[in-house]
Amino acid sequence: MSFSTKQALRLALVAACAVSVTACASRPKPMPGPTAPPPSYPAQPAHPPGPNGPVPGSVQDFVINIGDRVYFDFDRYDIRADAAPVLGAQAQWLVRYPSVVIRIEGNADERGTREYNLALGARRANSVREFLVSHGVAAARISTVSFGKERPIDPGTSEDSYQRNRNGHTVITGGAR
Amino acid sequence: MRLKTLMLAICALFATSMALAPASALAQIEVDVNKGDVQPLPIAIPAFGGQRGAEIAQVITGNLERSGLFKPIDPNAFIEKGLNVSVQPRFPDWKSINAQALVNGQVTVEGGRLRVDFRLWDVFSEQQLLGLQFTSTPENWRRVAHKISDAVYERLTGEKGYFDTRIVFVAESGGRLNRTKTLAIMDQDGANPSYLTDGSYIVMSPRFSATSQEITYMTLKPEGSAIYLFNLETARRESIGQFPGMVYAPRFSPDGGRVAFSVERSGNSDIYVLNLKSRVSTKLTSDPAIDTSPSFSPDGNRIVFNSDRGGSPQLYVMGADGAGVQRISYGDGRYTTPVWSPTGDFIAFTKQTGGEFHIGVMRPDGSDERLLTTSYLDESPTWAPNGRVLMFSRETPGGPPRLWTVDVTGRILRPAPYPGSGSDPAWSPLLN
């Protein structure tokens with residue numbers, strides 16, 4: 001899809017804004033798969049917005065169509081093969097909407113001690129940051145923080161839950177539509 | 001004659017009498033805190049006479065019982081009632097219920113001051129081991145009870161007590177996905193808990209200064225982390241300053257003049273030390289690995305810390321200037337949260353192995369490693385000031401963290417006397 005086509009689509013969608021917000025709110029967030037297979041994410045940079053999709057350039061557009069979390073292996077901070085397409089799409093989206101500023105939050109599972117996990121979360125946040133910068137996102141638009149194991153998104157105690165809690169979370173802090 | 005001895009026994013003589021008569025000099029009763037197989041010593045602690053007398057005896061009983069080294073006898077078994085501190089107890093009455101030690105006391109209020117006289121007796125040798133007097137304001141009666149507990153513990157074990165102390169910790173509430181973490185402080189027996197922050201942001205890793213009136217801790221907000229110094233007497237709070245990236249894991253040097261901590265920059269954590277007087281900070285480690293959780297040796301000359309520079313988290317010791325880094329942990333598993341004992345003889349740590357977590361101790365050179373606990377998740381050990389007891393936090397799968405204590409032999413393991421959920425405990429030095 002060419003840039004101009006997307007622009008046209010986006011303009012056309014402005015009128016459908018109110019409807020799309022309601023629709024988005026009930027759409028499930030993509031979750032990672034169970035245990036062995038890594039979390040699945042759209043391999044394509046971005047879904048073209050459908051008639052009821054989120055407003056392009058909005059926080060919802062980013063969260064739903066791009067994906068705001070990537071996942072890591074135990075005590076690792078290298079970008080996994082399944083995370084690279086997601087971060088690639090994040091970078092493209094951020095290049096397209098240059099007024100957006102983000103904070104990358106690094107998270108760890110509970111199978112580690114607090115301070116080490118803070119350090120590990122910081123490494124993960126930095127890995128995401130470096131990926132985005134190397135794919136054209138200005139470093140000045142990115143801040144990072146580590147929450148260590150203090151901000152789990154899954155309360156469970158299975159390996160599946162631990163996996164979800166080992167993530168880098170890209171949070172839009174300003175400039176979105 | 002006995003009476004005269006009693007009247008002369010005052011607080012000022014306490015230190016002298018201890019020096020002259022260590023516990024080992026009395027063959028009849030002594031408790032070895034370093035042996036793993038000792039039987040708790042049967043001790044009788046009848047209600048003291050006077051105002052608050054029963055409560056003071058209860059606090060002493062609770063302290064000594066929780067230490068695991070003493071077995072307070074049920075007061076219903078007592079034969080002699082209404083003991084008088086000026087009169088020798090009827091020893092046969094106490095022998096017959098097999099009390100080896102007896103503590104009795106009297107509370108008097110004079111001119112708005114609370115005065116507590118107490119005696120510690122060796123029942124079988126019929127000797128007085130301690131005769132002391134403490135005075136305080138009436139509202140401080142619990143501290144008097146803690147000081148008496150410390151005196152009894154020290155006299156009978158030969159080790160310093162740890163009961164007149166406080167714990168600063170992170171009180172936790174709410175579910176796992178919206179946990180509130182509030183900085184809190186309480187007496188070591190769980191009494192007088194109070195909050196120091198409002199719970200609107202995450203707090204972590206509080207630590208006491210050796211002066212005991214100041215703590216350092218870390219706050220964590222989405223916009224970043226900060227390290228604060230907080231004076232418990234004046235409630236004055238100040239930041240240690242701005243650094244690039246995150247700051248975390250603060251610890252005082254033993255003299256209270258420096259704070260060591262981690263600074264994270266571009267994903268890499270190194271250890272810094274800040275001189276609190278000159279406000280000059282020095283980088284101690286420069287390694288692409290994680291370097292964190294520093295803890296000073298009691299003489300302030302060395303620092304043990306956690307690093308994954310060897311491929312997994314392990315413990316390392318370096319000079320306080322960052323020189324001469326040596327790895328000290330070599331067992332299977334992941335070692336974190338090293339804490340140098342205030343007495344210098346051990347380093348406590350968290351070890352993760354085989355899907356479980358342990359609190360353990362090793363010598364500062366890495367020898368004599370012993371694991372004291374095993375659970376789904378144990379972490380954050382902190383030493384009592386006598387270096388013989390550790391407090392730590394324990395979580396069951398899916399449950400909130402609770403505070404526990406274990407002695408250095410691993411034999412005496414029990415929940416701390418705090419009913420709520422808590423993590424990251426830090427034990428104060430003995431109060432003045």
Side-chain angles (χ1 to χ4, degrees), chain A residues 72 74-79 101-131 133-134 139 142-159 161-162 164-165 168-174, chain B residues 170 175-179 181 202-205 218 220-225 245-246 248-250 261-262 264-270 288-294 306-308 311-313 334-337 349-352 355 357 376-381 393 395-399 401 423-424:
Chain A
F72 293 86
F74 177 75
D75 201 21
R76 299 295 296 267
Y77 57 102
D78 50 311
I79 301 299
V101 289
I102 58 169
R103 176 177 68 238
I104 301 162
E105 301 174 349
N107 293 294
D109 67 30
E110 67 180 17
R111 304 313 282 163
T113 51
R114 279 178 209 288
E115 288 174 347
Y116 184 83
N117 276 1
L118 269 186
L120 182 57
R123 279 178 162 174
R124 287 174 177 161
N126 189 62
S127 292
V128 171
R129 189 186 69 89
E130 285 185 344
F131 187 104
V133 169
S134 71
I142 308 175
S143 65
T144 59
V145 72
S146 171
F147 283 117
K149 62 173 173 176
E150 311 303 313
R151 287 275 180 90
I153 57 171
D154 187 320
T157 56
S158 64
E159 176 48 36
S161 301
Y162 302 152
R164 288 193 185 99
N165 291 333
H169 185 200
T170 304
V171 178
I172 293 175
T173 53
Chain B
V170 176
R176 287 168 74 73
L177 301 185
N178 57 348
R179 193 66 59 81
K181 290 166 171 275
I202 296 172
V203 292
M204 286 173 69
S205 55
M218 170 210 176
L220 179 56
K221 301 177 182 178
E223 55 270 30
S225 69
M246 291 185 71
Y248 61 103
F261 54 101
S262 280
E264 175 270 331
R265 189 169 199 179
S266 300
N268 179 39
S269 294
D270 282 310
I290 289 173
D291 293 331
T292 190
S293 301
N306 180 211
S307 177
D308 71 343
S312 70
R334 303 157 58 80
Y335 294 80
T336 53
T337 77
F349 53 84
T350 304
K351 183 174 181 176
Q352 192 178 348
F357 283 67
Y376 172 76
L377 180 47
D378 286 350
E379 64 172 313
S380 304
S393 74
E395 284 179 47
T396 53
S423 60
D424 270 4

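The basis for the numbers below is simple: all heavy atoms, side chains too, and nothing from hydrogens, waters or symmetry mates. Each chain gets a letter, A, B and so on, in the order its sequence line appears, and its residues count up from 1.
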Any chance you could measure A/R103, atom CZ, to B/E223, atom CD, to the nearest 0.5 Å?
7.5 Å
What's the spacing between A/N117 CG and B/T336 OG1 if we round to 0.5 Å?
8.5 Å
Which portion of B/K221 sits near chain A, non-hydrogen atoms under 4.5 angstrom
backbone
Please state whether the side chain, the backbone, both or neither of B/F357 comes within less than 4.5 Å of a heavy atom of chain A.
side chain
Between A/E115 and B/S293, do the side chains contain an N or O donor and an N or O acceptor separated by less than 3.5 Å?
yes
Max heavy-atom pair count under 4.5 Å with chain A, selected residue of [options]:
options                        : value
B/G224, B/G245, B/S266         : B/S266
B/P313, B/G398, B/P397, B/S205 : B/P313
B/S262, B/G175, B/A249         : B/A249
B/T350, B/D308, B/N306         : B/D308

On a heavy-atom basis, which atom in B/L177 and which in A/I153 lie closest, and how many Å separate them?
CD2-C, 3.6 Å
How far apart are the closest heavy atoms of A/T113 and B/E379, and which atoms are they?
CA-OE1, 3.2 Å
Flag if over 12 foreign heavy atoms under 6.0 Å of CZ, A/F147
yes
Test item: [X] and [Y] side chains (from C-beta on) under 4.5 Å apart, heavy atoms:
X      : Y      : value
B/S269 : A/L118 : no
A/R151 : B/I202 : yes
B/M246 : A/S146 : yes

Within residues 104-112 of chain A, residues adjacent to chain B where the heavy-atom gap is under 4.5 Å:
A/E110, A/R111, A/G112
Are there residues of residues 121-128 of chain A whose heavy atoms fall under 4.5 Å of chain B's heavy atoms? If so, which?
A/A122, A/R123, A/N126
Part of A/R114 within contact of chain B (heavy atom distance under 4.5 Å)
both
